[in-house]
Amino acid sequence: MLEVNLPDGSVKSYENSITPMGVAEDIGAGLARATLAAEVDGQVVGFDTPLPESGSVNLKLLTKKNEEALGVMRHSCAHIMARAIMRLFDGVQLAFGPTIEGGFYYDFDLEHKLTEEDFPAIEAEMKKIIKKNEGFERLEESHETALKLVKELDQHYKIEHIETGLAEHETLTFYRQGEFIDLCRGPHIPKPKSIGAFKLLSVAGAYCKGDSDNNVLQRVYATAFFNKDDLALHLEKIEEAKRRDHRVLGKKLDLFTISPLVGQGLILWQPKGTLVRNQLIKFISEQLEKYEYMPVVTPNIGKVDLYKISGHYPYYKDSQFAPIIQDEDEEYLLKPMNCPHHIMLYKSKPRSYRDLPIRFSEFGTVYRYEQSGELNGLTRVRGFTQDDAHIFCMEEQVPDEFRKCIEMTQFVLSSLGLTDYRVRLGFRDPDGSKYVGNKKDWDTAEDALLSVCKEMGIDATVEPGEAAFYGPKADFVVKDCLGREWQLGTVQLDYNLPSTERFALEYIGADNQAHRPVMIHRAPFGSLERFMGVLIEHYAGAFPLWLAPEQARVMVVSQKFEAYGKEIEAKFKAAGFRISGDYRSEKIGAKIRDAQLELIPYMIILGAREMESGTVSVRDRIDGDLGSMTIEDAIRKMTDEKEQRLVRQVFHGSAGLGNAVQSSDDY
RNA sequence: GCUGCUGUAGCUCAGUGGUAGAGCACUUCAUUGGUAAUGAAGAGGUCAUGGGUUCAAAUCCCAUCAGCAGCUCCA
């Protein structure tokens, strides 16, 4: 006998095997019609997934009102898309088709090169399928029968999947809808009519099984909603996010430029971008002083031998600019990292335990030859400046130093209003071969990271395989406006570079013996370039007052007041503001509009009234006209806002074109 | 690096083989105004670059460079 507990507290019992739909029908025909899927003990299952024969389960029937049902529906929509494509094109081989954050995709292998021009035809075919409203039928087959079936269907990827990835599964499920049958774990909605609105978004190549040694499949991205309004809202969100793109805003606001003649991925900072960047550097420098870092300066190149010792040269040979060959035995590398230089500073003299921890900081510019396809505005570049530092400390100081690094990073991010990040603990992949160092040190380091995060109440996600080759790390990861994740701040523990095999670092302990220090690599921003990119999108280009390249603009109602305008401008400059004046023969409305579009925080509007009373009229970018006040009051108000580094406006959300959230098809 | 798409004025874009276009920005002139666009005139392009096909190429083909999306990679 099975006991089914429903969310309203009622309990139903069944003697025979039953599905969630059976329970829904038992409750009422209306509910049965609305039921799309179910949640059994917190797990999303199909409307047709049999419940256990006995025991007790918590059952929640999912309808259009439940967020979880959306994912199920989208996966069904993916099947319909696949079915439509198979109808329209010959020789379609199906690969995988999971649900992602803002929709779904399906990978295909077919002769015809799909383009966006094919979308209308595919969408029309999908509409036809939906209109016919054939149900999704769940088929459970033995491993053997399943293999026979996919062979009959001549679906090579599915054959391979059953023979390899699913070799251990005794039974496998298929879903059939009309002539379309797909190996699929499901679940699916009962009937396609609940797909209210859908849209194909893009097509791109994707390596089969995510391995660059494999062939490239064609991946079609799409999304679906229960109703048209939700789809329209989603598409509008994507458009909005695109308007916030740092590459678009960077050009519009004159922050930076990239010239092919200088080189791909090499950022040329315009004066305005430089002003913002320098404010960030100033801000971090204050923190470095507070946390007792010692600024150092090191050159942009170093001997190849240095990076052979550090291990970077052999390991990252392909992603470095080629060495500069000066002479047969004299080769230099543009520095891809700052740590080896800092290590040489450490090694320049004997160190005592009394000196530790030693914290060397540097805004160090490094160069990496990233694959051309990876380059992306400011977020992935070939030359960037890290707000880098290396801490050399005793093993017992590691937790404390690590904690301080995390604390500083958190403070820096929160000061900028960046709260929407996750902390990723990059640990080593147990099967990976890229790592150096011994297991004991790795375990110690990973344990240290875990326990400090726990102690600090940080909800970190552990990701095996995300470690650096020399040690585990804690990364601060944020999403850009399109939903792509980027690593910003990072704190990395390193037992490797100090080791005998590398640089053999030492300090003399209280026992007068030589000991090995531990290194911590850390950078709260990570790369200033990437950070600026993320920040531009975070503020949608509207920087808070303290960061804004142009903090205020004086504008006169008529050119008659230019002299008064210049006088006021000078007073703001003297008070330390970045201010300009607009004395064009334009109407005040036009000047305001221009300043507003340039996202200038404050407008100081001057006319006869202000000149006579010796006041200024202040217009706020966000709140509009604030009325007139004395110049002292205006300066005081703005100085306050600037010194507090007040963040008054940020923009959230992304286009949701990011990572897979569930792979309902990957079995 | 791989797959696909794209490249026309400073910006956003139209232009499917026959004399290179619009809006905004820019310059000049007029206008001197009160919280998101005053009016007029003007200037600005080897149509990414290099080859090819053609009587004729922005348009068709090839290569290169660059950008975009995704994949892969990321010290």
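All chains are named by letter (A, B, ...) in the order of the sequence lines, taking the proteins before the strands, and each is independently numbered beginning at 1.
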Taking 4.0 Å as the cut-off, does a side-chain nitrogen or oxygen of [X] come that near to OP1 or OP2 on [N]?
{"X": "A:Asn215", "N": "B:rU3", "answer": "no"}
{"X": "A:Arg484", "N": "B:rG70", "answer": "yes"}
{"X": "A:Arg553", "N": "B:rU35", "answer": "no"}
{"X": "A:Arg609", "N": "B:rG34", "answer": "no"}
{"X": "A:Gln264", "N": "B:rA66", "answer": "yes"}
{"X": "A:Lys252", "N": "B:rA25", "answer": "no"}

Does the side chain of A:Asp107 come under 3.5 Å of the side chain of A:Gln218 through a donor N or O and an acceptor N or O?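 A:Gln218 and A:Asp107 do not have a side-chain donor-acceptor pair below 3.5 Å.
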
Using the C1' atom as the reference point in each nucleotide, state the distance between B:rG33 and B:rA69 in Å, no decimals.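 Straight-line distance between the two C1' atoms is 48 Å.
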
Between B:rG7 and B:rA58, how far is it from one P atom to the other, in whole Å? 15 Å

Centroid-centroid distance, A:Tyr435 to A:Phe469, less than 6.0 Å: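 No, the ring of A:Tyr435 stays outside the 6.0 Å limit from the ring of A:Phe469, centre to centre.
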
With sugar-phosphate meaning primed atoms plus P, OP1 and OP2, does A:Val557 contact a base, only sugar-phosphate, or nothing at under 4.0 Å between heavy atoms?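 If one applies the 4.0 Å heavy-atom cut-off, A:Val557 turns out to touch a base.
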
Check the geometry between A:Tyr316 and B:rA75 and answer yes if their rings are stacked (centres below 5.5 Å, planes below 30°), otherwise no. yes

